[in-house]
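Note that the structure is predicted; figures quoted are calculated from it, not measured.
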Amino acid sequence: MNILYTNFHAAATIGGHSIYILSLLRALASHHNLVVAVPDGCGLARMASDISNVRVVAQEYPSRFFKRLRAASQLRRIIREQQIDVIHVNGSADHRTVVHACAGLGRKRPRIVFTKHNDLPISTIGAALRARLGTDHVIGVCRYIEPMLRQSPYTRLPISIIANGVCGQRFQPYSTNQAQAARQALLGSRAADCRLLVGSNAGTNDYKGWMDMVQGLAVLGEQAKGVYVALAGAYPNAEQMQALDATGLADRVIFTGPLDDVRPFLAALDLGFVLSYRVETISFACREMMAMGLPVIVSDQAGLPENITSGSDGWIVPRRDPQAVAAVMRDVLQGPIDLKAMGHAARRKSIEEFSVEAFSRQTEQVYLSLARVRETPKLQPRLS
């Protein structure tokens, strides 16, 4: 099949949308013709270019109507030249442009798959237009999303719940020596004072809730002596640094900046966390940490609890509740908790339930089902 992936994010960093598409590209490139149409210079364009048999083309997804029409004209040329069978859209901005690009193609219009990646409310009017004019199948990435989709204009379409998958070979625990080296590289001179290293690769936007971890440690005071926090993602802004300074723990928080490869960072950690309080679904970051053999503390936001068996491979706490985070961290620091055993359980669950093979296979079945619908000839009326 000829499959086109679209994504409107223009950032040079790699977020959840990009990881989602990259995972599918790596899994499907050997037996499908794959094209990625994304803004020039974005992180997805850079990383997709390194995958064999994947073509990357520069494509903008503007919000203004007349600019969108020009962008749609360019995208229509790509669709025709590449003889695209299926377009997989990943947000409302690229979805709108794809709808315009496909207008007038008639029976030659590619089938369009839309993935809902977040827990934000669905616009009734906009979704109604896209559902009627340019959607053939909808994918939700966690069970939490399904009722939202069923109660939206997309309910008239086939809906599949396909949870994000992680490659167990790409993300796997490091050896003891490799992990120690990664830890030393991350902490530097602070490694000698570090009793426990907790961290997250979910990013540093405020809604990711990382300050709840810092504030939870501040609640513990001396009990949390020697605990460091590491964060992968954009460096904090001035307002975030001011809030961090107010906790008195700024010297124990390490910011790595954006990382294309988070594996050495994760290998250095003892414990992971994703404490989001909005714009969340299932979290690639959580599943990557678990695949690397880390227990994870998650908030009860959206689909995050679907990852964790509390007390076995991590913990679930109420969102925006530093006191609850402090209680878990107190147990970790003082209680009879075996983080290594919990990490083994997290790794085992990742292999059994979060595999990229199941994720890509189920997504591919959606594409193939649409191709069969398209190729099935219409029955001719019987002459009497």
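- Judged by distance alone, with hydrogens and angles left aside, the side-chain atoms of Arg263 form a donor-acceptor pair with the main-chain N or O of Arg170 at under 3.5 Å.
- One finds the CG atom of Leu24 at 6.5 Å from the NE2 atom of His88 (value rounded to the nearest 0.5 Å).
- When hydrophobic clusters are built by joining Ile, Leu, Val, Met, Phe, Trp and Tyr residues whose side-chain heavy atoms come closer than 4.5 Å, directly or via intermediates, Val298 is not grouped with Phe273.
- Electrostatic pairing of Asp193 and Arg252 does not count as a salt bridge here, judged by no charged N lying under 4.0 Å from a carboxylate O.
- We find the CG-CG distance between Leu333 and Leu220 to be 7.0 Å, quoted to the nearest 0.5 Å.
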**OP:** Evaluate side chain to side chain contact (heavy atoms under 4.5 Å, CB included) for Leu105 paired with Ile79, printing each intermediate quantity in order.
**Re:** CA-CA 10 Å; Leu105 294 181; Ile79 292 168; 4.2 Å; yes
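- Residues Ile122 and Ala127 approach most closely at CG2-CB, 3.4 Å, considering heavy atoms.
- His17 and Asn7 share a donor-acceptor pair across their side chains, judged by distance under 3.5 Å alone.
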Subject >> Verdict with supporting geometry, Asn205 and Val279, side chain to side chain contact (heavy atoms under 4.5 Å, CB included) >> reply: CA-CA 11 Å; Asn205 288 318; Val279 197; over 6 Å; no
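- Using a 4.5 Å heavy-atom threshold, the side chains of Arg183 and Tyr174 count as separate.
- Residue Ser30 holds its OG atom at 11.5 Å from CG of Leu25, rounded to the nearest 0.5 Å.
- Under the 4.5 Å side-chain contact rule for hydrophobic residues, Val332 and Val274 do not share a cluster.
- For the residue pair Phe359 and Asn164, the shortest heavy atom distance occurs at CD1-CA, 4.0 Å.
- Counting non-hydrogen atoms of neighbouring residues, nucleotides and ligands closer than 6.0 angstrom, the CD atom of Gln242 reaches no more than 12 such neighbours.
- Listed for the Thr97 side chain is a donor-acceptor partner under 3.5 Å among the backbone atoms of Ala93.
- Taking the six-membered ring for Trp and the full ring otherwise, the centers of Phe284 and Phe354 sit at least 6.0 Å from each other.
- In the model, Lys208 has no side-chain atom that pairs as donor or acceptor with a side-chain atom of Ser200 under 3.5 Å.
- Residue Leu275 is grouped with residue Leu249 when hydrophobic side chains (ILVMFWY) are merged at heavy-atom distances under 4.5 angstrom, including chains of intermediate members.
- Shortest non-hydrogen contact noted between Cys142 and Gly303 is SG-CA, 4.0 Å.
- For the pair Gln301/Tyr207, no side-chain contact is recorded, criterion being any heavy-atom separation below 4.5 Å from C-beta on.
- Looking at Arg347, its side chain does come within 3.5 Å of a backbone N or O of Gly168 through a donor-acceptor pair.
- Looking at Arg111 and Tyr367, their side chains never come closer than 4.5 Å, going by heavy atoms from C-beta outward.
- Minimum interatomic distance between Asn307 and Lys349 (heavy atoms only, all atoms of both residues): O-NZ, 3.1 Å.
- The shortest distance between side-chain heavy atoms of Glu60 and Gln74 does not fall below 4.5 Å.
- A distance of 10.0 Å separates CG in Asp85 from CG in Leu368, rounded to the nearest 0.5 Å.
- No donor-acceptor distance shorter than 3.5 angstrom exists from the side chain of Asp119 to the backbone of Thr281, with no hydrogens or angles considered.
- The shortest side-chain heavy-atom distance between Leu339 and Pro295 falls under the 4.5 Å cut-off.
- Between Thr204 and Ala232, the shortest heavy-atom contact is CG2-O, 4.5 Å.
- Taking OG1 of Thr256 as the reference point, atom CG of Asn201 lies at 9.0 Å (rounded to 0.5 Å).
- No side-chain N or O of Thr135 forms a donor-acceptor pair with one of Tyr154 less than 3.5 Å apart.
- Remark: side-chain polar atoms of Glu306 are paired, donor with acceptor, to backbone N or O of Arg143 under 3.5 angstrom.
- Counting only heavy atoms from C-beta outward, the side chains of Val141 and Tyr20 approach each other to under 4.5 Å.
- Between the side chain of Arg76 and the backbone N or O of His100 there is at least one donor-acceptor pair closer than 3.5 Å.
- Gln180 CD to Asn177 CG: the interatomic distance, rounded to the nearest 0.5 Å, is 6.0 Å.
- Here the side chains of Met241 and Leu244 are in contact, with some heavy-atom distance below 4.5 Å.
- Under a 3.5 Å cut-off, the side chain of Ser152 and the backbone N or O of Leu149 do form a donor-acceptor pair.
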**OP:** Please report the C-alpha distance between Leu75 and Ile78 in whole Å, then the side-chain angles of each, then the deciding distance to 0.1 Å, and finally whether the side chain to side chain contact (heavy atoms under 4.5 Å, CB included) criterion is met.
**Re:** CA-CA 5 Å; Leu75 188 59; Ile78 296 169; 4.2 Å; yes
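- A search for ring-ring contact (aromatic ring centres under 6.0 Å, His included) contacts involving Phe66 returns nothing, not counting sequence neighbours.
- Checked by atom type and distance alone, the side chain of Ser350 never pairs as donor or acceptor with a backbone atom of Ala346 at under 3.5 Å.
- The number of heavy atoms from other shown groups lying within 6.0 Å of CZ (Arg46) is above 12.
- No side-chain heavy atom of Ile297 sits under 4.5 Å from any side-chain heavy atom of Val198.
- Cluster annotation: Ile254 is connected to Leu266 through the hydrophobic network of ILVMFWY side chains, with a link wherever side-chain heavy atoms come within less than 4.5 Å.
- Side-chain N/O atoms of Ser18 and His9 include no donor and acceptor closer than 3.5 Å.
- Within the 3.5 Å criterion, the main-chain N or O of Met1 finds a donor-acceptor partner in the side chain of His32.
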Subject >> Test log, rule side chain to side chain contact (heavy atoms under 4.5 Å, CB included), inputs Met290 and Cys286 >> reply: CA-CA 6 Å; Met290 294 176 75; Cys286 178; 3.9 Å; yes
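- For the residue pair Gln59 / Asp94, no side-chain donor-acceptor distance below 3.5 Å is found, with atom types taken as modelled.
- Judged by distance alone, with hydrogens and angles left aside, the side-chain atoms of Thr247 form no donor-acceptor pair with the main-chain N or O of Gln215 at under 3.5 Å.
- Residues Phe114 and Val98 are members of one and the same hydrophobic cluster, defined by side-chain heavy-atom contacts under 4.5 angstrom among Ile, Leu, Val, Met, Phe, Trp and Tyr.
- Between Ala71 and Pro62, the closest heavy-atom pair is CB-CD, 3.6 Å.
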